[in-house]
Peer 1: 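My structure is below; once you've seen it, I'll send some questions.
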Amino acid sequence: MKRKNLISLAIAFLTIGLMTAGCKTASMNTKQMAGTMEESVPSDTMPVHLQQALAKAIKYHGHELMNDTVNEVYVSSIDEMDETSTEGYGIQVTKGAISTTFPNIRNTREPQANYNAKTGDLWLTSSAMEGTGVRVEWLYQIRFGENEIAYVKKEVNPYDVQQELLQRLSYTIEGETISLYDGDKLLATVTNTVKDMGGFDDEQPLWIGEQLYYDVSGDEPEVIFTPGVKYATGLVLTYDDMPELSAPITMDENGAFAIHEVSKLHQ
């Protein structure tokens, strides 16, 4: 074979290799992850005795969560009603001189808020579940009516986000190496360093749902989640070697959300 033909063939093989790098091949035995949430998370409701105290209160005491002076949009928690604790319930949203109270949105674990003046969306997070190794959040899309009264246009249940991600995410395990995929896209490859837990669980080693929260600092929110590993002798999921993954999430005018391309956070 002529040298020119050999060079062309080598370039062709190199091109094919580059095209398939980072993609899942048909021969890979990928498996789907499992979800820790078995059903929709029930919406929070301020207890009746606190609702009564809220209705009677002369003054609220709280702390600032967001202050957009340019657009005159402010978000604060309600920590006390006169001298009665809200027990972690209550958010107040103000636009101009009009304040709207949301007593059923929890304000524990420092909710995050950001206002997008172009779309008129105020994005707000709120804790749905919390604890050791657990951080699960609601996402609220808040808008303002013509009279500047705020209203929740859409609340995103973390269970629905988990289920959407489960349709796309898969993994392979070879020895101590875990590879994570979004469809055919390789997201990350990590090496397990946990040696004292009896190895990976045989039935279902990878799960999502315990760590699922949001970054709302940009114009559109991003969902952030970390897969957890279940070991043969472990009663809880472990996150020691697993990467944080993120994806933009958008809402259409009918309130349906879409999760876009997943990537490894801080690539």
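Heads up: numbering here begins at 1 and tracks the sequence.
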Peer 1: Is there a side-chain contact between Trp123 and Gln141 in this structure, where contact means two heavy atoms from C-beta onward sitting under 4.5 Å apart?
Peer 2: yes

Peer 1: Main chain of Gly90, side chain of Asn107: is a donor-acceptor contact present, judged purely on distance under 3.5 Å?
Peer 2: yes

Peer 1: Can you tell me if Glu146 uses its side chain to pair, donor with acceptor, with the backbone of Glu148 under 3.5 Å?
Peer 2: no

Peer 1: Return yes if a side-chain donor-acceptor contact under 3.5 Å exists between Ser179 and Thr189, otherwise no.
Peer 2: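 Per modelled atom types, Ser179 and Thr189 side chains form a pair under 3.5 Å.
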
Peer 1: Is it true that a side-chain atom of Asp121 and a backbone atom of Asn116 form a donor plus acceptor pair closer than 3.5 Å?
Peer 2: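 Side chain of Asp121 to backbone of Asn116: no pair is present.
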
Peer 1: Is the number of heavy atoms from other residues, nucleotides or ligands under 6.0 Å of Lys195 NZ greater than 12?
Peer 2: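 Yes, enclosed.
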
Peer 1: Calculate, to the nearest 0.5 Å, the distance between atoms CG and CD belonging to Asp215 and Gln112 respectively.
Peer 2: 8.5 Å

Peer 1: Got a sec: does the CD of Glu203 have more than 12 other heavy atoms crowding it under 6.0 Å?
Peer 2: no

Peer 1: State, yes or no, whether a side-chain contact exists between Lys264 and Leu180 at a heavy-atom distance under 4.5 Å.
Peer 2: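 No; the side chains remain at least 4.5 Å from each other.
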
Peer 1: Is Ser246 reaching over with its side chain to a backbone N or O of Ile224, donor-acceptor style, under 3.5 angstrom?
Peer 2: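 Checked: no pair found.
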
Peer 1: Could you tell me whether the side chain of Asn192 and the main chain of Asp241 form a donor-acceptor pair under 3.5 Å?
Peer 2: no

Peer 1: More than 12 non-hydrogen atoms from neighbouring residues, nucleotides or ligands closer than 6.0 Å to CG on Asp202, yes or no?
Peer 2: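 Open: at most 12 neighbouring heavy atoms sit under 6.0 Å from CG of Asp202.
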
Peer 1: Determine whether a donor-acceptor pair (N or O, by modelled atom type, separation under 3.5 Å) exists between the side chain of Arg168 and the backbone of Ile259.
Peer 2: yes

Peer 1: Any chance you could measure Phe257, atom CZ, to Asp252, atom CG, to the nearest 0.5 Å?
Peer 2: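 Phe257 CZ to Asp252 CG: 11.0 Å, rounded to 0.5 Å.
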
Peer 1: Is it true that a side-chain atom of Asp44 and a backbone atom of Ile105 form a donor plus acceptor pair closer than 3.5 Å?
Peer 2: no

Peer 1: Does a salt bridge link Lys230 with Glu210, judged by any charged N lying under 4.0 Å from a carboxylate O?
Peer 2: no

Peer 1: Less than 4.5 Å apart, any side-chain heavy atom of Val93 and any of Phe102?
Peer 2: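 SC-SC contact between Val93 and Phe102 confirmed.
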
Peer 1: Please answer whether the main-chain N or O of Leu169 pairs with a side-chain N or O of Gln32 as donor and acceptor at a distance below 3.5 Å.
Peer 2: yes

Peer 1: Can any side-chain N or O of Asn157 pair as donor or acceptor with the backbone N or O of Tyr159 at less than 3.5 Å?
Peer 2: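 Between the backbone of Tyr159 and the side chain of Asn157 there is a qualifying donor-acceptor contact (under 3.5 Å).
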
Peer 1: Verify the distance criterion only: is there a donor paired with an acceptor across the side chains of Asp79 and Ser77 at less than 3.5 Å?
Peer 2: yes

Peer 1: side-chain contact (heavy atoms from CB on, under 4.5 Å) for Leu50 and Met81? Distances and angles first, verdict last.
Peer 2: CA-CA 9 Å; Leu50 295 179; Met81 309 161 290; 4.0 Å; yes

Peer 1: Can you check whether His49 reaches Glu87 side chain to side chain, under 4.5 Å on heavy atoms?
Peer 2: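 The answer is yes, as the side chains (C-beta and beyond) meet within the 4.5 Å cut-off.
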
Peer 1: Counting N and O atoms only, with roles assigned by atom type, does the side chain of Glu155 sit under 3.5 Å from a partner on the main chain of Trp138, one being a donor and the other an acceptor?
Peer 2: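 Such a contact is absent between Glu155 side chain and Trp138 backbone.
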
Peer 1: To the closest 0.5 Å, what do you measure between CE (Met197) and OG1 (Thr238)?
Peer 2: 5.0 Å

Peer 1: Listed by chain and number, what are the side-chain contact (heavy atoms from CB on, under 4.5 Å) partners of Pro205, not counting sequence neighbours?
Peer 2: Tyr171, Ile173, Phe200

Peer 1: Does some side-chain heavy atom of Tyr214 sit less than 4.5 Å from a side-chain heavy atom of Val161?
Peer 2: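 SC-SC contact between Val161 and Tyr214 confirmed.
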
Peer 1: Working to the nearest 0.5 Å, report the span between CD1 of Ile149 and NZ of Lys95.
Peer 2: 12.5 Å

